[in-house]
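Worksheet: one structure, shown below.
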Amino acid sequence: MTDLVELAKRRGFFFQSSEAYGGVSGFYTYGPQGASLKAHVEETWRQRFALAEGHMQIDAPTVMPEPVFEASGHLDGFDDMLVECAECGESHRADHLIEGATDIEEAESLPTDEVAALLDAHDIVCPSCGAALAGQPVEEFNLMFETNIGPGTSQTGYLRPETAQGIFVEFPRLKEYARGQLPFGVTQIGKSYRNEISPRNALVRTREFTQAELELFVDPDGDAPDVSAVADVDVTLYPAANQPDGDYVETTVGDAVAEGIVDPWVAYYLGVATEWYETIGVDFDRFRYRQHQPGERAHYASDCWDAEADVSAPGEAPEWIEIAGYAYRGDYDLSKHAEHGTETFTVFKQYDEPKTVERASVDPDMSYLGPEFGGAAADVADALAALAERDRTAFEGEEVAVDVDGETYTVPTEKTGFEFAEETEAGRHVTPHVVEPSIGIDRTVYTVLAHAYDEDEVDEGERTVLRLDPAVAPTGVAVFPLMDKDGMGERAREIAADLRADGYDVTYDDSGNIGRRYRRQDEVGTPFCVTVDYESVTEVPETVTLRERDSTEQVRVPTADLGAVLADLRAGETTFDDL
RNA sequence: GCACCGGUGGUCUAGUGGUAGGACAUGAGCUUCCCAAGCUCAUAGCCCGGGUUCAAUUCCCGGCCGGUGCACCA
């Protein structure tokens, strides 16, 4: 990790932000190479998860009002209770202090004023200096960044801790764009924020990070994934039951579903994701899908598999990091927002054939119930309605009796408006379930770099090389004159301009000897270098040398064919050996 | 947040109570010019604040940042 971070800093992939002011923990800036690499990773993700799957893409705000997170559970479920010592200023976990001093377990679930009262009642003292903590306020430390929306403190807002909420809250409108048809998917690539207590390991745990998320909304009773589309994809699985022993399951997506190892929806996206990971150059010998242990899952997930990558340097101990989560979230999110929000978070699903159902209903005569039962009238009416659904035979006699709060009320059947009729149902209201591939872009970028990083020898000289896939490499091709004289520089500049006009990201470099320039490009992962030499400017038709990064071998290519040759190489339609 | 260790050019580092040296990299030039060659020259540094001192990059305190372990990790 150290060598890679040093290279990243030196060559402009990423570095810590605001270093001129001492730096701030958990924030990174992508430099020229890194910003390009990251953009390519995001674009390939968009191609595979949005375009190729026929899903839509949105771009929601990073700031959302407090009630959104009350609904999502992030406000309650994401708190640490802190108490600050008036004497020495140290902060401590109040719930932990109470658990240590009393028989209470799970003090975290108690309200803060109760926790404060317990601190008083048990004379709990500061572990650092021994001063009494009685009377100190207990503050909640929430891992969300808080802000004010508008002037003053009228409305509290939070920076989203995951992009998903931006999709869920807009579901009522998004379902209109999907014309109410399940399943449909919505993707979003954007920043999320968590005020981590302890940011670590460069891009791996930061306080501001980019997520690429897909929320696929499905009918739990009617929709199934097309597993056949990815059935042959090889995957390395690490099921929860195997984790004590460390045994992987090498299988295919199709077999994993057939054997019931992975939920079919999750498995489908493991297949899609695997294809994507391949295009961006993830090394599958250092990659696995690990199932969450039952106790490890988030509050919303019913099953979850993480993509994990080993980002250790060659020869070092394995260092597995989580780079994505593939979760079946059930209807948790939409149900919560339906509960808290003002709109409908369901989809109307029409039956193939309308169903005829027999339904008992009541329409009580309130002008009778009111005078007769006074304040209990409304409850009696509700009880009648419930009874009609439960037991229609109760309405067969002259009178109907219902219990309300332990008292029995008798109503003449004719005053209940009881009716038994056939109704036609065209369909049902479904709260969709959510399948969520959630990708940490920064961690994925880090993985791509770690897996591309290599050191080898060229002509007895040591070389550092990033073997980045051309699909994500920041620079597509570099163009050099062998020397900047005898017309070679002018010609090389023309060729560079032509390639740029063709849409290539081109680096032009005439500084230092040719070997040095090749090494510079090796370190930023440029897959191909074009060199204009004496032969180029003297012979007809003009040719240039094309040098491949990984093998360092080169071939002569007619300048006229250069654009087409590079396009084929980038698309994988030819390999360098074919040339 | 706790504990330990650390912070010197762009990068990696040596060293010091009297403001610093190297390597690599970078720029200009020369050179017998296709894989980090050689030569000349140049650019560029002691994390921040306070204290002690005639004098602090060095010693002390605090902060910030980093590494490792613990805790945390929707």
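Lettering follows sequence order; numbering is per chain, from 1. Any value given below was found using the heavy atoms of this structure, including those in side chains, with hydrogens, waters and symmetry copies removed.
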Nearest-Å distance for atom pair [atom1]/[atom2], residues [X] and [N]:
X	N	atom1	atom2	value
A:Q293	B:rC73	CD	P	16 Å
A:E462	B:rA37	CD	P	14 Å
A:L203	B:rC73	CG	C1'	17 Å
A:N195	B:rC72	CG	C1'	13 Å
A:Q16	B:rU11	CD	P	12 Å
A:R207	B:rC64	CZ	P	11 Å

Heavy atom of residues 475-485 of chain A under 4.0 Å from RNA chain B: which residues?
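Within this stretch, A:L482, A:M483 sit under 4.0 Å of the strand.
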
Please list, by residue number, the residues of residues 506-524 of chain A whose heavy atoms come closer than 4.0 Å to an atom of RNA chain B; answer none if no residue qualifies.
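Those residues whose heavy atoms fall under 4.0 Å from RNA chain B, taken from residues 506-524 of chain A in numerical order, are A:S511, A:N513, A:I514, A:G515, A:R516, A:Y518, A:R519, A:R520, A:E523.
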
Sidechain N-carboxylate O distance under 4.0 Å for [X], [Y]:
X	Y	value
A:R500	A:D505	no
A:E322	A:R290	no
A:D522	A:R547	yes
A:K9	A:E6	no
A:K191	A:E208	yes
A:D533	A:R556	yes
A:R10	A:E523	yes

Return yes if the base of [N] and the side-chain atoms of [X] contain a donor-acceptor N/O pair under 3.5 Å, otherwise no.
X	N	answer
A:R200	B:rG66	no
A:R10	B:rU26	no
A:Q554	B:rC34	yes

Can you tell me which nucleotide in B:rC35, B:rC72, B:rC12 comes closest to the side chain of A:R547?
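So the nucleotide nearest the side chain must be B:rC35.
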
From B:rC72, B:rU11, B:rG67, pick the nucleotide closest to the side chain of A:R205?
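So the nucleotide nearest the side chain must be B:rC72.
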
What are the two closest non-hydrogen atoms of A:G190 and A:T163, and how far apart are they?
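Taking A:G190 first and A:T163 second, the nearest heavy atoms are O-CG2, 3.6 Å.
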
Closest-nucleotide 5' rank along RNA chain B - winner of A:R463 and A:Y28
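The residue whose closest nucleotide sits nearer the 5' end is A:R463.
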
Nearest-nucleotide comparison on RNA chain B, the residue closer to the 5′ end among A:K9 and A:G26:
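Going by which nucleotide is closer to the 5' end, it is A:K9.
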
[M] and [N], which share atom name [atom1], separated by this distance in whole Å:
N	M	atom1	answer
B:rU8	B:rG22	C1'	12 Å
B:rC47	B:rG15	P	15 Å
B:rC5	B:rC60	P	12 Å

Going by atom types alone, do [X] and [Y] pair a side-chain donor with an acceptor below 3.5 Å?
X	Y	value
A:Q521	A:R549	no
A:E436	A:Y326	no
A:D442	A:Y30	yes

The test is side-chain contact (heavy atoms from CB on, under 4.5 Å); show your working for A:F287 and A:I323 and say whether it passes.
CA-CA 10 Å; A:F287 180 88; A:I323 63 173; 4.0 Å; yes

Below the 4.0 Å mark, does B:rC64 have OP1 or OP2 next to a side-chain nitrogen or oxygen of A:S25?
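A:S25 to B:rC64 OP1/OP2: no side-chain N or O under 4.0 Å.
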
Secondary-structure stems, RNA chain B, at least 3 Watson-Crick or G-U base pairs under 3.5 Å
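B:1-7 with B:64-70, B:10-13 with B:21-24, B:26-30 with B:38-42, B:47-51 with B:59-63 - these are the stems of 3 or more pairs that involve RNA chain B.
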
